[in-house]
Each structure stands twice: as structure tokens, then as C-alpha cells.
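See below for the structure under consideration.
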Amino acid sequence: MGRVTRSEVEHLAMLSRLELSEKEKVMYESNLADILEHAQKLSNNKELDNVEPMTNVLGLTNVFRKDEPKKEFSKQELLKNAPDSDGEGFRVPKVVE
Amino acid sequence: MLDIRNLTVKKAKELLDKKEIEPKDLVDASYARIGAVDDKIEAFNTVLSIEEINTQLNKISDGALYGIPYSLKDNICTKDILTTCSSKILYNYKPPFDATVEIKLKNAGGIMMGKTNMDEFAMGSSNENSAFKNTKNPWDLSRVPGGSSGGPAASVASGEVLFALGSDTGGSIREPAALCGIVGLKPTYGLVSRYGLIAFGSSLDQIGPLTKTVEDSAIVLGEITGHDQRDSTSATAEKIDYTKCLSGDIKGKKIAMPRQFFAKDLNAEIKESIMAAIRKLESMGAIVEEVDVSFVDYVVSTYYIISSAEAASNLARFDGVRYGLRANDTNGLVDMYIKTRSEGFGKEVKRRIMLGNYVLSSGYYDAYYLKALKARTVIKNEFEQIFKNYDVIVSPTYISTAFEFGAKSASPMEMYLSDIYTVPVNIAGLPAISIPCGLDKQGLPIGMQLIGKPFGETDILNIAHAYEIESGNGNVMPFVEGVDR
């Protein structure tokens, strides 16, 4: 590991919804390889194998509340930033071919 | 006109109390200073108009920050005011709401002067990743102000505002504070509500103050803490007046000095300066002892894996549908997503999204992401062990003083490795402060970091304040080239 192939970079770009130029592909191949190379000290660290993973430091638990609708914003306020809208909702390009 | 360059929040409050000045005097001085220096410093993405500022002035009547001008990092949402994250993808975004911190500052009587520049989506340590402009270091205009809160830090150091709020995911308040010679505080995870902070790494992000003195930091922090129903990760800690903990007495305080933070890659002048500061703390009665930490070889990787994984997920929301940029001439929905994101995100943001999706994808999840979460447990536990015997931990804030534009941009890995002293703090959710501890031979500021136990802001503020008073390093502000000299 520590090497990233061209097809992996292309697959990642697809997952990330990004389109990369040839130049960018070359750059990210090399950048990701550098980063993953450095990360070998982490991924090869056997002492960490039996440790419990931690996702948050405060030891938080789920916060539950009643699912009650509130009106905090008007439709107009929320549509104001939309690149395209018909005044009632967000307008997007055709979804189903 | 009132000279704002060396004015602090504390001093301004005293002048207001004695009725020697009015809020309008402070705001006029801030506005004039922005007009005089910001074409050189370029700290601001958006400066509010006189009308917008007067509207605020007309609304305030009292409060702990009555009439105090400040700036907000451009990833903190402000109602009907541009909030861009210094990204092309949000170039025109005007949020329909205020972040909780902005509501709190307004309620305390503060006056928001504008929104300050940053590395795009807070990803970077030099501010060079802004899609809009390069903010300059007020100490030397050919050097970076640090990042990602470079704009907020420069706006304070150049005297444009009396304080700023930034955000810190891996050092983004402390590092620019160090490079600009001011005080930067990253609070305990959960102490300050993140509602309205555009998310980068949700388990790491915290909002905190950038100020000229430790006392100002204590004043501002006290106004922005508190549980918020809108942020389920915000803590239910009791409200504290942090100015009351600044006793100046640090006799018997136990300070740990991790050996490994003083060995690797540390610039000799910085080491010397921090060691001198440590001797000063000892002379004031603190007990400083060396300790060991085991994680230095993998802590930077742990940070970049966790933060990039969270960023890849958080930044999926930028799709050209509800706000911001939408690319033209696209063919169907998915093509619209792809073209919008490719046009809208800069190269560092794309790099982090790709890295995040790599470590989360099947086949690599266990080796990288899960491993990083396990390392997080170890790092947090090691800090906990140290805090059983010590009140605070001391280290440098950054491996160098302010560097020249372009000096590190060729190697992302080199830039990442420089974050070694700041990232462990976010991984463990701890509070930490960077304070000035002198200048190097080139006259550039050096920062010292004090790390506290969870909700131990009182300890780090007290020790930092005592050191600041004793050393005389507080509120030493630069003369901006072409304006003050």
C-alpha cells in the first residue's frame, strides 16, 4: 500500500462527484500516495488492533425529542438562495431518463 | 480619532464605562482602520456598509461587549450577509439565519464589522487556499497570516477590530494566532454551540475567540458558551465568568512538557523561546516536568483521516440545488452535481474529499478510518493520564514562525505535518490557547500553546494571563507597512 493507481483515483472522483483533468489525476495520485505512505505508521500499528474505536470524545448519547413540526423559515426565505426555483420548490435538471 | 491599534476589549470597556467614549467612536475608529489598512492586509471578504453598522448601533443598549467592533470568520452564518467559506461554491450564499454565536455576540452588544477570509472550508494552515484573496501577515506583508482563520487573526493583529471569532478543527484558531502574535483560544469540544458554523469535521470543530490579550479572550469566551438546543453536541456545562479565574497566582500549578513535542522538527529559535517562557513560569512558582507521549508518529495521520472522512460527508451537501453555485450547460442531474462541484471546489478541498472517500471506502475502511478511531481512543487516554498529575500541558503552537507565500504549497504532506502540535488537542476534544512568547530574529511572533483538561479553560486562561502580565508579551501589535511605518 501507499500507492494509488489511476483507476482508484478515477473511482474516487466518481464517488466524490468530481471531474478531474489529466493534470489533476496525476497530482492526486501522487498526493494521496504521500499521505497514505505516511499513514502506514498508523495502519501498521499492531498495538492499536485491540483498542475500542471512539467516534466522539464527550461520551455523548443520542438526544431524543418529539418530532413536532415548527415553522422557523418561510418558503421564500429558503428558496432565496436557490440557483433555480419556481417559487414553490427547488428546480433541478431531469432526474429520471 | 480614537487610536484603535493598541486598544483592547478591556480598555475599550473602561473608556465606555467612564463615558470618555461612545460605541460610535469605537465603530468609527474600526471602520477608518479597515479603510486604511485592508487594501494591504486583505483580511475581509465582506465589510458591512455604514448603514448596516448604524442599524446595529441603534439596536444596542448594554451588555458585556457593548459597542465592541468584531469580525467573524466567513464560515459562521450571518443572516442576509454573505457567508462564503472563501469558496466559489458559496460565492453568493446569504444565510436565512444567524449562527448561535452571532446571536450571543449581538445580545452582548457587540458590533459586527464584517466577514473575514479563510482557507476554503477551513482547510489549510496558511490562508493560501482561499478562492478569493491572500490575506497578508500584518507583521510582514510578504508572509502568510497562518490558517485557516487567517483573516480573523489578521483583522485583530492589524487593529481593524478588537476581537474576532474563528473556528478550529486542527489548529485553525491557534496557528494563525501564533503567526500573527495574538491570543487564540480553542475551547473544549461542546463548550460553544456549532449551530450555524458551516461544518468541516463535525467531531473536531469548535468556535473560539482571537484577541490581543488573554483577558480579552476570557471576556469574549464568557459571552459565547452555553448549551444550545440546536446543537445536540453542545455541553450542558454551567456558565462561568472566565475573567474571575485570572488570579495571576500560579504557585504550585503543575505543568507537563511532552518531550516528543520539543524534539522533532522544532525550529531552534522557537525551542529557545518556549524554554525561556517555561523558565519564567517556573520562576513564578509553577512546577514543570517532562512527560512522554507515544502518539507523535501517527497523530497527524489520525487527524487527516478523521477530518477528511467527516469533510467528505459534510461537503456532499454542496450539489448546486439549494444554494450557491450551479454550473451551466449540464446534461442531467448527476452531470450537474459533478460539474458544479468540480467548478466550485478548489484543489485542497477536492484533495480532502477524495482522501475522505478513500479511507471510508470498502477495503480501506478498517486499515485507515477504523484504525484512526482506535488511535483516537489511545490519544484521549494518554492525555487523561497526564491530566491525573498535571493542570496543563505546554508546547509550541507551530513548528515555525510566519513563512513566505508559496513556501509550502508544493507539498501538501509537508503542510499537514506542520500541524503536529495542534491536531492532538482536537482529536481529544481538549481546550488549548496560543499566546505570544516573543519574537524571532526576523521580528516575527512565536506562539506558545497551553493545553487544558476537558472544560479546564479556567486553568489555561489563568496561567496564560499570569505569563502574559509577567512577560510583557501581551498586546504587542505590529506596525503595518505603508500605514504605520
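Each chain gets a letter, A, B and so on, in the order the sequences are listed, and its residues count up from 1.
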| query | Can you list the steps and then say if B:Ser203 with A:Asn56 is a side chain to side chain donor-acceptor pair (under 3.5 Å)? | reply | CA-CA 6 Å; B:Ser203 79; A:Asn56 82 72; over 6 Å; no
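- Per-residue counts of heavy-atom pairs under 4.5 Å with chain A were compared for B:Ala428, B:Gly190, B:Gly356; the largest is that of B:Ala428.
- Inspection of non-hydrogen atoms places B:Gly320, B:Val321, B:Arg322, B:Tyr323, B:Gly324 of residues 309-324 of chain B under 4.5 Å from chain A.
- Taking chain B as the reference chain and counting heavy-atom pairs below 4.5 Å, the highest number among A:Ser16, A:Ala13, A:Ala39 is found for A:Ser16.
- Per-residue heavy-atom pair counts under 4.5 Å with chain A were compared for B:Gln229, B:Lys94, B:Lys339, and the maximum is reached by B:Lys94.
- Neither the backbone nor the side chain of B:Thr340 comes within contact range of chain A, judged by heavy atoms closer than 4.5 Å.
- Surrounding NZ of A:Lys71 are at most 12 heavy atoms belonging to other residues, nucleotides or ligands under 6.0 Å away.
- Within the 4.5 Å cutoff, side-chain heavy atoms of B:Arg326 are placed close to those of A:Val92.
- Interface remark: A:Glu47 contributes no atoms to any contact with chain B (heavy atom separation under 4.5 Å).
- When B:Lys347, B:Met413, B:Met354 are compared by the number of non-hydrogen pairs under 4.5 Å with chain A, B:Met354 comes out ahead.
- Atom CG of A:Asp34 sits about 10.0 Å away from atom OH of B:Tyr416, to the nearest 0.5 Å.
- Contact annotation for A:Val63: only side-chain heavy atoms (C-beta onward) come within less than 4.5 Å of a heavy atom of chain B.
- Annotation: side chain of A:Lys80 is in contact with side chain of B:Asp80 (closest heavy-atom distance under 4.5 Å).
- The shortest heavy-atom contact between A:Leu48 and B:Lys371 is CB-CE, 3.7 Å.
- You'll find the side chain of A:Glu24 reaches within 4.5 Å of the side chain of B:Lys350, heavy atoms only.
- Evaluation of the side-chain contact (heavy atoms from CB on, under 4.5 Å) rule for B:Leu325 yields B:Ile89, B:Tyr91, B:Glu343 as partners, not counting sequence neighbours.
- Side chains of A:Leu36 and B:Tyr358 form a contact here, defined as non-hydrogen atoms less than 4.5 Å apart.
- Atom CG of A:Leu42 is separated from atom OH of B:Tyr303 by 15.0 Å, given to the nearest 0.5 angstrom.
- Summarising the geometry of B:Gly332 relative to A:Pro93, their closest heavy-atom pair is C-CB, 3.7 Å, with the distance given to 0.1 Å.
- A salt bridge between B:Arg341 and A:Glu19 is absent, with no side-chain N of the basic residue lying under 4.0 Å from a carboxylate O of the acidic one.
- With a 4.5 Å cut-off on non-hydrogen atoms, A:Asp49 touches chain B through its backbone and its side chain both.
- Between chain A and the residues B:Pro95, B:Ala372, B:Ser342, B:Pro454, the most heavy-atom pairs under 4.5 angstrom are made by B:Ser342.
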| request: Apply side chain to side chain contact (heavy atoms under 4.5 Å, CB included) to the pair B:Leu373 and A:Met54, showing each step before the final yes or no. | output: CA-CA 5 Å; B:Leu373 295 184; A:Met54 178 167 58; 5.7 Å; no
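- For a residue to count as touching a neighbouring chain, one of its non-hydrogen atoms must lie under 4.5 Å from one of that chain's; by this rule A:Leu20 touches chain B with the side chain only.
- Nearest heavy-atom pair, B:Tyr298 versus A:Asn45, reported as atom, atom and distance to 0.1 Å: CE2-ND2, 3.4 Å.
- For A:Arg65, there are no side chain to side chain donor-acceptor pair (under 3.5 Å) partners at least two apart in sequence or on another chain.
- Within the 3.5 Å criterion, the main-chain N or O of B:Leu333 finds no donor-acceptor partner in the side chain of A:Lys94.
- Note that the CG atom of A:Asn31 and the OG atom of B:Ser411 stand 8.0 Å from one another [nearest 0.5 Å].
- In the displayed structure, A:Asn50 atom CG is contacted under 6.0 Å by at most 12 heavy atoms of other residues, nucleotides or ligands.
- No part of B:Tyr304 comes within reach of chain A, as not one of its non-hydrogen atoms sits under 4.5 angstrom from that chain.
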| request: Please assess B:Lys374 against A:Glu52 for the test side chain to side chain contact (heavy atoms under 4.5 Å, CB included), listing each intermediate value before the final yes or no. | output: CA-CA 6 Å; B:Lys374 290 177 173 183; A:Glu52 277 295 302; over 6 Å; no
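- Looking at A:Met14, neither its backbone nor its side chain comes within 4.5 Å of chain B, counting heavy atoms on both sides.
- Highest contact tally toward chain A, considering only B:Ser361, B:Ser202, B:Ala375, is held by B:Ala375 [criterion: heavy-atom pairs under 4.5 Å].
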| request: Begin with the C-alpha distance, continue with both residues' side-chain angles, and end with the deciding distance and a verdict on side chain to side chain contact (heavy atoms under 4.5 Å, CB included) for A:Met27 and B:Arg351. | output: CA-CA 10 Å; A:Met27 176 180 73; B:Arg351 183 154 39 230; 4.1 Å; yes
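- The contact between B:Phe345 and chain A is made entirely by side chain atoms (from C-beta outward), counting heavy-atom distances below 4.5 Å.
- With a threshold of 4.5 angstrom between heavy atoms, B:Met336 approaches chain A through side-chain atoms but not through N, CA, C or O.
- The only option from A:Lys41, A:Gln40, A:His38 that meets the side chain to side chain contact (heavy atoms under 4.5 Å, CB included) definition with B:Ser301 turns out to be A:His38.
- Every residue was checked against the salt bridge (charged side-chain N to carboxylate O under 4.0 Å, His left out) condition with B:Lys453, not counting sequence neighbours, and none meets it.
- Note that the OH atom of B:Tyr337 and the CG atom of A:Leu18 stand 14.0 Å from one another [nearest 0.5 Å].
- Proximity to chain A (any heavy atom under 4.5 Å) is restricted, for B:Ile305, to the side chain, taken from C-beta onward.
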